[in-house]
Number of protein chains: 2
Amino acid sequence: MATIYDIAKKANVSAMTVSRVINNTGRVSEKTRDKVKQVMEEMRYIPNSVARCLVTQESKIVSLLITDITNPFFTTMARGAEDAAMRHGYRLMFGNSDESFSKEKDYVEMILSMRVDGVLFAPSGDQSKEHLEWLQRQNVPFVLLDREVPGIDCDAVLGDSLDGAKRMVAEMIRYGHRRIALVNGAQDVSTARERQAGYIEALQEAGIELDESLIMQTSYSRVQDLSVAHWMELAPEARPTAIFAANNMLALSVLKSVRSLGLRVPDDLSIACFDDFGWVEEANPFFSVASQPAYEFGEQGMQLLLDRIKNREEQPRQIMLPCEILMRESVGKV
Amino acid sequence: MATIYDIAKKANVSAMTVSRVINNTGRVSEKTRDKVKQVMEEMRYIPNSVARCLVTQESKIVSLLITDITNPFFTTMARGAEDAAMRHGYRLMFGNSDESFSKEKDYVEMILSMRVDGVLFAPSGDQSKEHLEWLQRQNVPFVLLDREVPGIDCDAVLGDSLDGAKRMVAEMIRYGHRRIALVNGAQDVSTARERQAGYIEALQEAGIELDESLIMQTSYSRVQDLSVAHWMELAPEARPTAIFAANNMLALSVLKSVRSLGLRVPDDLSIACFDDFGWVEEANPFFSVASQPAYEFGEQGMQLLLDRIKNREEQPRQIMLPCEILMRESVGKV
DNA sequence: GTGAAAGCGCTAACAT
DNA sequence: ATGTTAGCGCTTTCAC
C-alpha cells in the first residue's frame, strides 16, 4: 500500500506537506493541496491509522463489550452506541463476551493492547471487577452498561431493575396470581439480585409469603435445558400460576419448557419477564415485559464515555433509565 | 503504560531480550526469561499491538461486516465466525452496515486503514462491488457471506435461495394456496433476485399464472411502514391467501401490518419467510421458514478466510449451504 | 544467549 | 508555506 512518502515523492513535496493535506492542519497553498490530493487519488492512498495511532496515542476507536450478541436488548443497545459514536467521529468496535468471564478477559486484553480510546462495558458479572481494575490501572476510560459491579465507582447507565421487577410482579398479583415463580439469572450479576429483591418486595407488600422453592437460580445466558416440570407437577394448590423470568432469554427458555409439557400460555400458566424482544415483540406482541429503553442505554452510555475521554477528572456520573410495564397476551387473569 | 524499554531497564537486559520472551522466539536463558517475566508481571505490562502491527504488517484481527445487527440470522452467523476466529488465534472485529451503502463505506475505510488481515463481508447490495474492488486493489483478502456481487469472483459462503424459495412456495401451494404474494427485498441484492426467481418457478411448475401485482419490492432492512392493506382490500377472489416474505425481518413487518388490519394468522392469511428467528423460534415456533444454517455460514466463511490469508493464490472457492423447509403454525391449509 | 541499529508510517516540534 | 528531525513501541537483521 502507498505511504505518504510515495505520495510526497510523486507530488514533489515533503511527507509533512502530505500529512498536512490529509489532516487539514497548518497552511498549505491551494496549488500544492490540489496537486497532493490528485496524487493521493491516483495512487488510491489510504492513511495508515496504525501508524497514526502509534504517534498520536489515540485511535478514535471505542469498544463496546456486550454479553450476548444474540439478545435483542444488547443489539439494540449496540445500535444506539454505534449511532452516537459515528455522530462524534468515533468508530465502534463490538465485542461479545457471551456471559463468559474468560471470553471477556480475551476481549479486555485485545482492547488494552489495541489502545482503544475507551470502553462501553456490559460486565458479565461481579468478577468483572478484575477486568475493570485492569482498565483503571492502564488509565483506559470506561462506562458500565446495564449492570453495576460492587467496588467499582464509575460512570454507568443502569436500569431500575428493582422498581421494574416490583411493578411487574405487583401487576401479576393484580391479575389474581398468588403463586408466582421466579426464574433468575446468576446471583453475581447485579440486575439479577435487584430483580429478585423487587420480586420479594412486591410479594411482601401484597402479604404473600415468600416460598423459596419457587425461586430458580440459573444464568442469563441461553440455557438449553431449563425445565419448569418440577413446578408444574406439584399439587394444584402448590403449583405456580405464573412465572416471572429475570430476562427475555430466560422467558424464552421457560416458554420452551412450558410448551414441551403440553401447556398453553396464558391459559395454563402466565409468563412475564424483564426486557423486551425488540422488533419481534413489535410485530408479535405476546410477552408481558418490563421494557427498558435499550437504544438509549447505548446512546447515553456513549455520551458519558466520550465526555469522560475528554475530561478524565470529572466526578463519576450515574444515569438511571426508567422501565415501562407492558402487559400483553402472556399474562392472563386467574 | 509500560513499554518493553521500561521492562528492559528494570530487568537489566536489552529490549530485544524482552521481545524474545514475549514472543517465545529465539534463545533466552531460563534465568533471564524468569526475571523478565517477573518484571512484566510487576509492571503489568501489556504488549502494544499497534506498534507490533506496524512492523510485522499483520494484526491477527479479522473483520466481520454484517448488514443488520438486530437480525438473528446475522448475529448467529457472527457467533459462528467469532468461535472459528478465536480457535485459530484471531480476534474478530464486528461492523454493522445497517443495509446502508454509506455506512458500509465508513466501515470499509476503517477496515482498510486499520490494516486488518481479512474481511468476512456480507454486502449490502450490488453496489458493494465498489467496496470490494477497493479491498482487492489494496490486496486485503475477503470472503463474501450470504450474498453474491456480480462482477466479483471470490471466495463465498452462500445459501441456496432459489431452491429454498421454490420449495417453500411449492409447499404453500400444496397447502392449497393459489394466490401467494411475495414481499421482497431490494432487487440489487442477489438473494432477493434469487428468491423471487424461486417463487416464480414454483408458481410456473404448479401452473399458476404469475400476477405482478402480488409482488412487492421493498428492502431487507427494518421497514417501519410496510402495509399489505391494498392486497387485503381486494375482492375475495383476487386477494392473496398467503404471503411469502423474502426474509425474517420482512415477515415481521408483514405480520405487524396484518395484525393492525385486525386479521389473524393463519386463519385469515398465511405467512412464510426465508431465514428463521434463532432462539425466539425455538421457544415459540410460529413462522414457517426456509431455514439457513446461520452459524455455519459464519464458521465456514471464517475457515475460507483464514485459508485465503495463508494462501492468496488459491482458486476462489464457493460453498453453498442447503436450507431446510420448516412448516409451522403461520401457514394454514386452504 | 544477548544486544545495537534500523525502520515500519506517521505526526509534533522546530526550522527555514 | 514548506521541509527536517526525531520518535511513537515494536521486531528484523545482523553482530558479538
Side-chain angles (χ1 to χ4, degrees), chain A residues 1-37 39-40 43-61 109-117 138-140, chain B residues 1-37 39-40 43-61 109-117 138-140:
Chain A
M1 288 197 197
T3 73
I4 48 171
Y5 286 100
D6 302 327
I7 309 293
K9 190 179 290 178
K10 206 164 180 186
N12 279 315
V13 294
S14 75
M16 202 48 228
T17 301
V18 178
S19 174
R20 286 193 183 98
V21 172
I22 293 168
N23 298 290
N24 262 316
T25 138
R27 280 163 298 278
V28 181
S29 77
E30 194 79 8
K31 194 185 283 179
T32 323
R33 162 170 277 111
D34 287 349
K35 174 69 181 162
V36 169
K37 280 195 167 167
V39 175
M40 291 200 310
M43 305 190 67
R44 306 181 187 288
Y45 172 75
I46 293 156
N48 185 328
S49 65
V50 175
R52 179 185 289 164
C53 172
L54 190 60
V55 30
T56 62
Q57 306 278 30
E58 65 160 30
S59 61
K60 286 285 178 186
I61 292 176
E109 271 181 26
M110 161 156 140
I111 283 165
L112 248 14
S113 79
M114 287 189 60
R115 306 299 197 261
V116 302
D117 294 345
Q138 309 292 340
N139 205 25
V140 178
Chain B
M1 287 197 197
T3 72
I4 50 170
Y5 286 100
D6 301 328
I7 309 293
K9 190 179 289 179
K10 208 164 178 185
N12 279 315
V13 294
S14 74
M16 200 45 231
T17 301
V18 178
S19 174
R20 288 195 182 96
V21 172
I22 293 168
N23 298 291
N24 264 316
T25 139
R27 280 160 298 277
V28 182
S29 76
E30 193 80 9
K31 195 185 283 181
T32 324
R33 163 171 274 110
D34 287 349
K35 175 68 180 164
V36 169
K37 280 194 166 166
V39 176
M40 291 201 308
M43 306 190 67
R44 304 179 188 290
Y45 171 74
I46 293 157
N48 184 329
S49 64
V50 175
R52 180 184 289 163
C53 173
L54 189 60
V55 29
T56 61
Q57 307 278 30
E58 66 160 29
S59 61
K60 285 285 177 186
I61 292 177
E109 270 180 26
M110 163 158 139
I111 283 165
L112 247 14
S113 77
M114 286 188 62
R115 306 298 198 261
V116 303
D117 295 346
Q138 308 293 339
N139 205 25
V140 178

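As the structure is a computational prediction, the values presented were derived from the model and not from experiment. Each chain gets a letter, A, B and so on, in the order its sequence line appears, and its residues count up from 1.
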Nearest-neighbour nucleotide for the R27(B) side chain, dG3(C), dG3(D), dG1(C) considered:
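The nucleotide sitting nearest to the side chain is dG1(C).
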Excluding sequence neighbours, so at least two apart, what forms side chain to side chain contact (heavy atoms under 4.5 Å, CB included) with [X]?
| X | result |
| --- | --- |
| Q138(A) | L112(A), W134(A), V140(A), M1(B), R44(B), I46(B) |
| N23(B) | S19(B), T25(B), R52(B) |
| R20(A) | M16(A), T17(A), V28(A) |

What is the distance, to the nearest angstrom, from the [atom1] atom on [X] to the [atom2] atom on [N]?
| X | N | atom1 | atom2 | result |
| --- | --- | --- | --- | --- |
| E30(B) | dT2(C) | CD | P | 11 Å |
| E58(B) | dC10(D) | CD | C1' | 14 Å |
| M40(B) | dG9(D) | CE | P | 17 Å |

Which residues pass the salt bridge (charged side-chain N to carboxylate O under 4.0 Å, His left out) test with K10(B), sequence neighbours left out?
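Counting only residues at least two positions away or on another chain, K10(B) forms a salt bridge (charged side-chain N to carboxylate O under 4.0 Å, His left out) with E42(B).
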So, using side chain to side chain donor-acceptor pair (under 3.5 Å) as the criterion, who are the partners of T56(B) when residues are at least two apart?
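Once residues adjacent in sequence are excluded, T56(B) has no partner under the side chain to side chain donor-acceptor pair (under 3.5 Å) criterion.
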Sequence-distant partners of D117(B), side chain to side chain donor-acceptor pair (under 3.5 Å), two or more places apart:
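For D117(B) the side chain to side chain donor-acceptor pair (under 3.5 Å) partners, ignoring immediate neighbours, are S59(B).
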Among pairs that include at least one residue of residues 22-37 of chain A, which meet salt bridge (Lys or Arg N to Asp or Glu O under 4.0 Å), considering only residues two or more places apart or in two chains?
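Non-adjacent pairs meeting salt bridge (Lys or Arg N to Asp or Glu O under 4.0 Å): zero.
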Side-chain donor/acceptor of S113(B) to backbone N/O of S49(A), under 3.5 Å
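Absent.
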Nucleotide-resolved protein contact map, nucleotides 6-16 of chain C, B/S/- at heavy-atom distance under 4.0 Å:
-BBBBBBB---
Under 4.0 Å from OP1 or OP2 of dT4(D): is there any side-chain N or O of S14(A) that close?
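Checking S14(A) against dT4(D): no side-chain N or O falls below 4.0 Å of OP1 or OP2.
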Mind grabbing the angle between the end helix axes of the helix from dG1(C)-dC16(D) to dT16(C)-dA1(D)? Five pairs an end, 10° rounding.
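That helix has its two terminal axes inclined by roughly 40°.
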